[in-house]
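Note sheet for the following structure.
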Amino acid sequence: MQDAAPQTIYLADYQPFGWTIDSVELTFRLFPEATRVLSRIRFAPNPKAPSSGKDFFLHGELLRLISARIDGQEITPVVTPTGLRCAVPSGPFLWEAEVEIAPAANTALEGLYMSNGMYCTQCEAEGFRKITYYPDRPDVMATFKVRIEADLPVLLSNGNPLGQGAGWAEWQDPWPKPAYLFALVAGDLVAHRDSFTTQSGRKVDLAIWVRPGDEDRCAYAMDSLIRSMRWDEEVYGREYDLDIFNIVAVDDFNMGAMENKGLNIFNSKLVLASPETATDDDYARIESVIAHEYFHNWTGNRTTCRDWFQLCLKEGLTVFRDQQFSGDMRSGAVKRIEDVALLRARQFREDQGPLAHPVRPESFVEINNFYTATIYEKGAEIIGMLKTLVGDADYARALDLYFDRHDGEAATIEDWLRVFEDVTGRDLAAFKRWYGQAGTPRLKVAETWEDGTYTLHFEQENPATPGQPHKDAKVIPIAVGLLNPNGDEVVGTTVLEMTQAAQSFRFEGLATKPIPSILRGFSAPVVLQRTTTSAEQAFLLAHDTDLFNRWEAGRALAKSALLAMVQEGAAPAPQWLEALAGLALDPELDPAFRALALRLPGEDELAQALYDAGATPDPDRIQAARREASQALAAKLAPGLPALIAAMSETGAFSADAKAAGRRALKAAALMLQARLDAGQAATAGFASASNMTDQVGALSALLAIGEGQAELQAFEKRWGGNALVMDKWFALQILHAAPERAAELTAELTAHPAFDWKNPNRFRSVLGSLAGNHAGFHRADGAGYRLLADWLLKIDPLNPQTAARMSTAFETWGRYDANRQGHAKAQLDRILAATGLSRDLKEMASRMRG
Ligand code: PHE
Ligand code: ZN
């Protein structure tokens with residue numbers, strides 16, 4: 001990873017590789033310190049490349065070359081730290097090489113590494129070059145045949161099994177793929193098995209591989225997989241294409257999961273679940289990530305990306321598909337609300353700061369730094385807008401054409417948009433700006449009413465972002481409905497297509513001036529700026545037929561109430577409390593929706609809003625205001641809370657379904673408020689009687705939020721000390737809820753806890769990530785939060801640059817705060833940048849943030 005002069009890579013420089021690969025054969029002789037990898041690769045000059053057959057270069061990093069041969073003749077290539085070069089024949093040739101690698105020494109968790117005695121791989125984006133010499137780029141696709149030799153019971157790779165015996169196994173993947181989809185797993189594993197029969201009647205063997213002892217916590221992941229396979233057939237017409245589908249859970253993993261062809265590798269936290277150990281949020285995440293990785297089989301694997309600038313081609317689309325799936329499995333509106341909340345918390349935040357970048361970037365230094373909320377979540381929003389603009393039927397036709405036209409290819413955003421243009425006859429040149437221009441558009445709305453005609457006037461503003469001072473108008477689909485004053489919908493949801501910087505839309509023949517419901521379902525990722533009365537927001541909260549916008553109205557009320565508290569020292573707005581109380585206690589409404597409505601905007605979100613409005617957020621005041629708002633809300637709801645808690649308390653057997661989860665979520669929200677009234681009595685009882693992890697975490701959080709819960713923390717640790725994934729919650733909860741003046745000290749103390757294995761990314765995130773998530777604690781005026789995080793980033797960076805770089809984004813918001821805090825944050829970024837041997841990953845992030 002260390003590189004004196006990191007190179008910037010540009011989209012504009014793209015050149016196809018000068019050769020094609022017919023087939024790849026790999027043999028692995030696995031040993032922890034010295035694994036041998038033998039490769040046999042058939043190259044032929046690529047007739048489509050301008051550099052056809054010229055300048056042969058193979059990527060390779062941290063490899064010890066043992067031997068290399070071309071057409072059987074030993075050669076001596078020129079080896080550099082990033083690869084090798086050699087002269088090659090002008091026609092097709094056979095490349096053979098043997099290299100040695102040390103998986104046990106691989107702490108970066110990229111390439112072939114070891115986790116708890118098991119061998120596993122992570123090749124996306126550029127990890128395959130740490131396994132053998134290869135053109136490690138997504139547009140080079142080949143079929144792979146793999147032989148694994150090791151004295152271990154389970155030996156897995158991509159594709160279908162060819163054969164196996166004592167100490168060996170062979171696999172053949174018939175589908176051409178880029179190297180980043182290669183995978184290998186070897187270890188002492190056990191399988192949770194099932195099968196799926198595809199729509200054309202082929203039986204597929206399914207297996208989830210885990211460490212012995214974990215096999216009874218795979219049922220939900222398996223069920224999610226089967227539902228995903230069925231859904232992709234029913235909704236997208238996509239059938240699975242191998243005889244076998246394997247998932248492996250590993251404890252040490254930098255990301256969530258990886259879509260390797262036929263052999264998905266997962267962070268164990270996204271596989272293992274039982275009611276006792278996993279929360280409802282964990283279940284929902286497992287369902288969506290299992291689906292996400294499975295859906296990649298068509299969007300990512302069968303059709304992949306030409307280069308890494310096109311990453312959103314597979315990620316945006318696959319996130320969009322997994323969001324659709326979860327919406328279908330659960331409540332569509334509730335899922336949409338959660339997704340938008342996440343988009344605002346992560347992607348809008350990214351767009352607002354120094355790390356803002358287009359969904360399709362034009363340059364990067366380290367591609368691992370571009371697995372961002374912008375590529376994923378904003379990428380998915382763009383797909384959603386396209387679907388809204390062209391309609392469901394044309395979206396389906398365009399997708400069919402995409403799968404058909406680009407099967408087996410490495411495609412681009414241009415290819416993607418072209419299928420929509422070809423199907424609809426539209427010109428998407430202006431729409432394409434969503435891919436090329438960073439930043440969140442601001443959408444201003446005004447209204448006029450005259451002679452029965454109601455007009456909405458929109459103006460869009462596209463703020464400057466790093467490297468992009470000027471922006472063009474975006475194509476914005478604005479879903480609008482109109483209600484009359486007695487709450488009836490007079491105009492049902494209509495999509496207005498905004499294409500200009502300023503544009504007006506008229507609605508004629510109305511009897512009374514309507515109340516508009518704008519941006520229904522959050523039809524575009526923009527910040528809506530509309531000066532309206534709280535009476536109107538309360539009206540929409542009560543009457544809107546669009547559930548998303550009902551929530552949004554409540555959110556807007558809560559935000560303005562909280563901002564007035566922070567900025568003017570106002571009391572909690574009675575109108576907001578009134579409206580929220582009515583909703584929280586309305587038995588007609590979905591409990592999941594009511595729970596979401598009761599969740600106050602987070603401290604970071606309030607800081608983002610203040611900064612947006614030109615103010616300097618004060619983390620301590622934000623924290624105090626939010627606490628005061630909760631207290632007022634609790635007082636307002638007081639008469640109804642005990643009955644609500646009782647009504648939402650589970651009676652029957654545990655179910656992980658959305659309905660039961662919604663009831664538990666509402667119960668937890670009510671318990672959180674009740675704790676502010678009874679000094680935690682109900683929560684203490686709730687913790688003691690909890691029979692599942694959701695209830696346990698809900699009650700513990702309620703206690704920690706009011707400064708109680710020490711005895712419960714101890715009991716929790718005693719019970720779950722042996723379960724690392726559950727202990728992650730124990731670490732995280734107490735840090736997230738720590739008082740600002742204690743957060744850094746507590747974090748420091750916990751880093752000395754025996755269960756804190758800092759080299760494990762989950763553990764690192766649960767402790768240091770929670771410090772970053774404690775807004776007032778991290779942004780403490782004396783800089784202690786910043787300093788502690790920087791200490792740990794510098795400590796982990798030499799071992800695991802990816803985890804260091806991801807966690808460093810905690811600093812991306814420093815520009816929002818006062819000069820004192822800015823000084824402290826910049827000092828830490830400077831300290832990081834001054835460190836010797838800094839990874840390319842962390843260096844790029846710190847320098848972009850430092851500006
Ligand atoms: N491609 C993976 C996904 O989104 C994410 C990932 C990227 C995992 C890089 C590991 C490394 O599903
Ligand atoms: Zn993905």
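R69 meets the side-chain hydrogen bond (donor to acceptor under 3.5 Å, both in side chains) test with no other residue; sequence neighbours excluded. Every side-chain hydrogen bond (donor to acceptor under 3.5 Å, both in side chains) that S268 has, sequence neighbours left out, goes to D251. Remark: S808 pairs with no residue by the side-chain hydrogen bond (donor to acceptor under 3.5 Å, both in side chains) rule, at least two apart or across chains. Not counting sequence neighbours, the partners of Y134 by the ring pair (Phe, Tyr, Trp, His ring centres under 6.0 Å) test are F128. Contacts of V289 classified as side chain to side chain contact (heavy atoms under 4.5 Å, CB included), with partners at least two apart in sequence or in another chain: A257, F266, L270, R285, E293. In this structure D241 satisfies the salt bridge (Lys or Arg N to Asp or Glu O under 4.0 Å) test together with K261, R302, sequence neighbours excluded. For T80, the side-chain hydrogen bond (donor to acceptor under 3.5 Å, both in side chains) partners are T82, not counting sequence neighbours. Judged as a side chain to side chain contact (heavy atoms under 4.5 Å, CB included), and not counting sequence neighbours, T836 has no contacts. Annotation: side chain to side chain contact (heavy atoms under 4.5 Å, CB included) contacts of A772 (sequence neighbours excluded): A810.
Residue A87 comes nearest to I70 through the heavy atom pair O-CD1, 3.7 Å, listed as atom of the first residue, atom of the second, then distance. Shown here for I832 and A790, the closest heavy-atom pair between the two residues is CD1-CB, 4.1 Å.
A donor-acceptor pair is defined here as one N or O able to donate and one able to accept, closer than 3.5 Å; no such pair exists between the side chain of D830 and the backbone of A834. Although no hydrogens or angles enter the test, the distance criterion places no donor-acceptor pair under 3.5 Å between the side chain of D797 and the main chain of L838. Side chain of N301 to main chain of E259: a donor-acceptor pair is present (N/O by atom type, distance under 3.5 Å, no hydrogens or angles). At least one donor-acceptor pair under 3.5 Å links the side chain of T107 to the backbone N or O of L799. Panel note: side chain T809, backbone R806; a donor-acceptor pair is recorded below 3.5 Å. A donor-acceptor pair is defined here as one N or O able to donate and one able to accept, closer than 3.5 Å; such a pair exists between the side chain of E350 and the backbone of T374. Side-chain atoms of S839 come within 3.5 Å of backbone atoms of L842 as a donor-acceptor pair (strictly under, hydrogens ignored). Within the 3.5 Å criterion, the main-chain N or O of A108 finds a donor-acceptor partner in the side chain of N254. For the pair K471 (side chain) and A438 (backbone), a donor-acceptor distance under 3.5 Å is present. The backbone N or O of M845 sits nowhere less than 3.5 Å from a side-chain atom of E812 that would complete a donor-acceptor pair.
At a threshold of 4.5 Å between non-hydrogen side-chain atoms, the residues V37 and E98 do not count as touching. At least one side-chain heavy atom of P174 sits less than 4.5 Å from a side-chain heavy atom of N160.
Side-chain atoms of T304 and Y180 include a donor-acceptor pair closer than 3.5 Å. In this structure, a donor-acceptor pair under 3.5 Å is present between the side chains of H292 and E315. Side-chain contact check for N246 and W209: at least one donor-acceptor pair (N or O, by modelled atom type) lies under 3.5 Å. Donor-acceptor pairing under 3.5 Å is recorded for the side chains of D351 and Q347. Side-chain N/O atoms of R831 and Q828 include a donor and acceptor closer than 3.5 Å. The closest side-chain donor-acceptor pair between E844 and N369 falls under 3.5 angstrom. Counted by atom type alone, E366 and N368 present one or more donor-acceptor pairs between their side chains at under 3.5 Å.
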Exercise. Can you list the steps and then say if N762 with N267 is a side chain to side chain donor-acceptor pair (under 3.5 Å)?
Worked result: CA-CA 9 Å; N762 289 359; N267 187 319; 2.8 Å; yes
For this session: Would you check, one step at a time, whether the test side chain to side chain donor-acceptor pair (under 3.5 Å) holds for T8 with S363?
Result: CA-CA 7 Å; T8 303; S363 70; over 6 Å; no
For this session: Give the C-alpha distance, both sets of side-chain angles, the deciding distance and a yes or no for salt bridge (charged side-chain N to carboxylate O under 4.0 Å, His left out) between R36 and E100.
Result: CA-CA 5 Å; R36 287 289 170 102; E100 189 177 286; 3.0 Å; yes
Exercise. Would D728 and R763 count as a salt bridge (charged side-chain N to carboxylate O under 4.0 Å, His left out) if you check the C-alpha gap in whole Å, the side-chain angles of each, and the deciding distance to 0.1 Å?
Worked result: CA-CA 6 Å; D728 284 345; R763 260 24 19 99; 2.7 Å; yes
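Taken from CG in L311 to CD1 in I367, the straight-line distance is 5.5 Å, to the nearest 0.5 Å. Note that the CG atom of L313 and the CG atom of D415 stand 8.0 Å from one another [nearest 0.5 Å]. Rounding to the nearest 0.5 Å places CG of L789 at 4.0 Å from CG of L793. Here T20 contributes atom OG1 and D139 contributes atom CG; the two are 11.5 Å apart, rounded to the nearest 0.5 Å. Put simply, CH2 on W416 and OG1 on T303 are 10.5 Å apart, with the number rounded to the nearest 0.5 Å. How far CD1 of I247 is from CD1 of I265: 11.0 Å, rounded to the nearest 0.5 Å.
At most 12 non-hydrogen atoms from other residues, nucleotides or ligands lie less than 6.0 angstrom from CZ of R42. Residue R346 qualifies as open at atom CZ: its count of foreign heavy atoms under 6.0 Å is 12 or below. Surrounding CD of Q73 are at most 12 heavy atoms belonging to other residues, nucleotides or ligands under 6.0 Å away.
Note on D791 versus R787: no salt bridge recorded, every NZ/NE/NH1/NH2 to OD/OE distance being 4.0 Å or above.
Note that R85 lies outside the cation-pi zone of F56, set by a 6.0 Å cut-off to the ring centre and a 45° limit from the axis.
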Report, one line per pair, each donor and acceptor closer than 3.5 Å where one atom sits in a side chain of residues 143-154; sequence neighbours left out.
unit_1	atom_1	unit_2	atom_2	d
R147	NE	E149	OE2	2.7
R147	NH1	E170	OE2	2.8
E149	OE1	R29	NE	3.0

Sequence neighbours left out, cut at 3.5 Å: what donor-acceptor pairs do the side chains of residues 355-362 make with other protein atoms?
unit_1	atom_1	unit_2	atom_2	d
H357	ND1	L355	O	2.9
H357	NE2	T372	OG1	2.9
R360	NH1	Q310	OE1	3.1
R360	NH1	E414	OE1	2.8
R360	NH1	E414	OE2	3.3
R360	NH2	E414	OE2	2.7

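Relative orientation of the W19 and F17 rings is tilted, given thresholds of 30° and 60° on the angle between their planes. Relative ring orientation between F756 and W792 is described as perpendicular, the plane-to-plane angle rising above 60° on a 0-90° scale split at 30° and 60°. Ring geometry for Y402 versus H406: interplanar angle of 30 to 60°, hence tilted.
Note on residues 117-129: pairs passing side-chain hydrogen bond (donor to acceptor under 3.5 Å, both in side chains), not counting sequence neighbours, are E124-K314, E124-Y371, R129-D136.
Not less than 6.0 angstrom separates the ring centroid of Y14 from the ring centroid of F309.
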